[in-house]
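Just below is one structure, and these are the notes that go with it.
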Amino acid sequence: MKHRNDPSCSCPGRARGGALSRRELLTQSATGFGMLALANLLADDGRIAHASPIAPKGMHHPRKAKNVIFLFMDGGVSHVDSFDPKPKLTELDGKDHFEKNNPTAGGNRKWLKSPWASKQYGQSGLPISELFPNMYPLADELAVVRSMKAEFPLHSRGNLLLHTGRNTGGLPSLGSWMNYGLGSENKNLPGFVVLNFGPVPAGGMENFSNGFLPATHQASLLKAQGIPINNLSPADKKDAIQRAKLGLLDQMDEEFSVSLGSSEPVESAIKNYELAYRMQSLVPDVLDLNKESEATKKLYGLDAADNNKKLYGLQCLRARRLIESGVRFVEVCCPQMYGSTGTWDQHGDLKKGHEKNAMVTDQAVAALIIDLKQRGMLDDTLILWTGEFGRTPHSAGRDGRDHHPEGFTLWMAGGGVKGGTIYGSTDELGMHAADNVVSFHDLHATMLHLMGIDHTRLTYRFGGRDYRLTDVHGQVIKEVLA
């Protein structure tokens, strides 16, 4: 009896002349793409028995955190008005700016004191501005890094550097790298979710891109208002019809993969089809706040009169529900807060703008920490709060600050972080990161370390070289680890 491996075999499925059929070629390929197609969905009806998933790489060492919530303060919060008070600015307020080494803001400028007082809180004595009263009781949960230094004074390039470790597009986002390394804990939910409020931040979708990583690692965006994810509800309510359509897609994808010469892009697309299918039932349940108590909703500010405050509270509560359900990395963007840009970018109207933005975000951010702690989830959930840069300690007017990457502040909490910690410093005027300077590469290395990943070993081969999130840079900030 002849076998298909025999070129003269005439078994069904053998193409003329002994060539492999499309299905055979794909089945026998290294990725097993042909047998992947919608395998998780269709295995129960016997159509496909095996799958070849794009598996996560796994941990390199024991982890301290298993999830990340990134609270992105788009536009750049003023460090000297939040967690890095500078008494020297009060002394020099209104006097001519004499700092020459400031590439982002030259000309006739004057020093500008903070409009807000700061006091020390908690056993750690952490200084916190009166902009953030809900953070006072949580001082000992925060690890504040005061010596951040970025590279660019432009929002788009600053955002890309923060999110991808590069200042140009086409590279994978931090969330994509996390998903590539660890995957989602729930096969019915994506590993990387962005809770957005409309227009994406400067830098566009490149901030959340999978770059050269397989498409399964790109972000899923959930909107605050209206339907969270478009087209998630099936047009055909009958499961049999859906399966028939997916079967047709299976066949078409096989043919396209052969013409493409590579199965990986289509394999990733099919994995996304599978995920979307499974998300139909689970995502509405995860986002259903009817299961939350009225006390929890009030904690997050869902009863607020200000719609932006209510929406931000909604997204922070959703972030908790998503990680509770197994999503690996959740980023929460800012809503339309103050001014035309809707961000912390107050070149003018500093007092009015920062006060409005703090009012919108402060309660929900504090609620997230409190809620996670009450549920026993804070210890393995890493929270990051930062913008792409800080703001100048001086001003061209008397009520505004400009972009300032030379020195600024961020904080982390939970997930293996040593609370009540201050790491690094800027000079006495808040102009330059002075001691223990930290880059975004260092931040990324630290976050990956807390998640059980060695940043030097999480690599992906592309274009003839091995890439990693931190490029050839990055040192773990051991002083902020618990």
Side-chain angles (χ1 to χ4, degrees), residues 53-59 63 65-72 74 159-160 162-166 169-197 200-201 203-224 228-230 232 267-279 282-283 286-287 315-316 318-333 368 380-384 386 415 440 443-444 447-448 450-453 455 458 460 467-470:
I54 304 172
K57 304 299 117 176
M59 295 184 292
R63 66 188 179 190
K66 66 178 183 179
N67 308 99
V68 175
I69 297 177
F70 173 18
L71 304 172
F72 178 37
D74 186 10
N159 286 346
L160 288 174
L162 167 61
H163 283 84
T164 72
R166 310 291 199 284
L171 281 301
S173 173
L174 171 62
S176 295
W177 280 108
M178 290 278 191
N179 197 26
Y180 168 66
L182 298 173
S184 176
E185 291 189 310
N186 189 329
K187 70 175 185 178
N188 297 323
L189 289 172
F192 177 22
V193 172
V194 173
L195 300 174
N196 200 37
F197 290 84
V200 296
M205 289 300 295
E206 295 287 355
N207 290 307
F208 317 124
S209 171
N210 58 293
F212 46 69
L213 294 177
T216 50
H217 303 304
Q218 66 183 323
S220 296
L221 267 67
L222 273 65
K223 296 178 293 186
I229 303 179
N230 291 332
L232 187 62
E267 183 177 357
S268 296
I270 286 187
K271 293 294 288 183
N272 284 338
Y273 294 155
E274 294 177 354
L275 179 60
Y277 183 93
R278 295 191 298 267
M279 286 168 63
L282 190 56
V283 167
V286 171
L287 300 182
Q315 295 291 59
C316 284
R318 283 175 168 173
R320 190 220 81 206
R321 290 182 64 87
L322 285 166
I323 65 163
E324 196 173 29
S325 299
V327 175
R328 183 71 62 189
F329 189 103
V330 178
E331 177 169 347
V332 184
C333 297
L368 183 61
D380 53 20
T381 301
L382 176 63
I383 301 175
L384 169 67
T386 189
F440 283 139
L443 172 67
H444 293 161
M447 295 177 71
L448 289 173
L450 288 167
M451 297 290 285
I453 297 175
H455 71 104
L458 183 67
Y460 189 86
Y467 279 84
R468 71 188 205 207
L469 173 62
T470 53

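Scope of the values below: all heavy atoms of this structure, side chains included, with no hydrogens, waters or symmetry mates. Being a predicted model, the structure only gives us computed values, none of them experimental.
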Rounded distance (nearest 0.5 Å) linking atom CG of Asp74 with atom CZ of Phe197: 11.5 Å
Going by heavy atoms in the side chains, are Leu458 and Leu469 under 4.5 Å from each other? no
Rounded to the nearest 0.5 Å, what separation is found between the CZ atom of Arg328 and the CG atom of Leu322? 13.5 Å
Taking C-beta and beyond as the side chain, do Leu162 and Phe70 meet within less than 4.5 Å on heavy atoms? yes
Please examine the side chains of Met205 and Leu221, heavy atoms only from C-beta on, and report whether any two atoms are closer than 4.5 Å. yes
Closest non-hydrogen contact found for Ala319 with Val330 is CB-CG1, 3.8 Å
Specify the closest pair of heavy atoms between Arg320 and Ile323, including all atoms of both residues, with the distance to one decimal. O-CG1, 3.3 Å
As an exercise, state the distance from CD of Glu185 to CG of Asn67, rounded to the nearest 0.5 Å. 5.5 Å
Going from CG on Leu384 to CD on Glu331, what distance comes out if it is rounded to the nearest 0.5 angstrom? 9.0 Å
Student check: side-chain heavy atoms of Phe72 and Asn159 closer than 4.5 Å: yes
With sequence neighbours excluded, tell me which residues meet side-chain contact (heavy atoms from CB on, under 4.5 Å) with Ser176. Pro172, Ser173, Phe192, Asn210, Leu213, His217
Considering all heavy atoms, the nearest Ser325-Leu189 contact: CB-CD1, 3.6 Å
For the residue pair Ser184 and Asn179, what are the closest heavy atoms and their distance? N-OD1, 3.6 Å
Option from Tyr460, Phe212, Trp177 for which ring-ring contact (aromatic ring centres under 6.0 Å, His included) with Tyr467 holds: Phe212
Please check if the side chain of Gln218 supplies one atom and the backbone of Phe208 the other of a donor-acceptor pair under 3.5 Å. no
Is a donor from one side chain sitting under 3.5 angstrom from an acceptor on the other, for Thr164 and Arg166? no
Closest heavy-atom contact between Leu450 and Gly415? CD2-O, 3.5 Å
Please test Val327 against Val286 for side chain to side chain contact (heavy atoms under 4.5 Å, CB included), starting from the C-alpha separation and ending with a verdict. CA-CA 11 Å; Val327 175; Val286 171; over 6 Å; no
Measure the CG-NZ distance between Leu382 and Lys66 for me, rounded to the nearest 0.5 Å. 14.0 Å
Starting at CG of Leu448, measure out to CG of Leu443 and round the result to the nearest 0.5 Å. 9.5 Å
Only counting residues at least two apart or in another chain, list the ones meeting ring pair (Phe, Tyr, Trp, His ring centres under 6.0 Å) with His444. none
Heavy-atom check, side chain of Leu287 versus side chain of Leu222, under 4.5 Å: yes
Considering all heavy atoms of both residues, which atom of Ile453 and which atom of Gly181 are nearest to each other, and what is their separation? CD1-CA, 4.3 Å
Under a 4.5 Å cut-off applied to non-hydrogen side-chain atoms, are Leu174 and Val68 in contact? no
Is there a side-chain contact between Met178 and Met447, using heavy atoms and a 4.5 Å cut-off? yes
With a 4.5 Å heavy-atom cut-off, do Val194 and Asn207 have their side chains touching? no
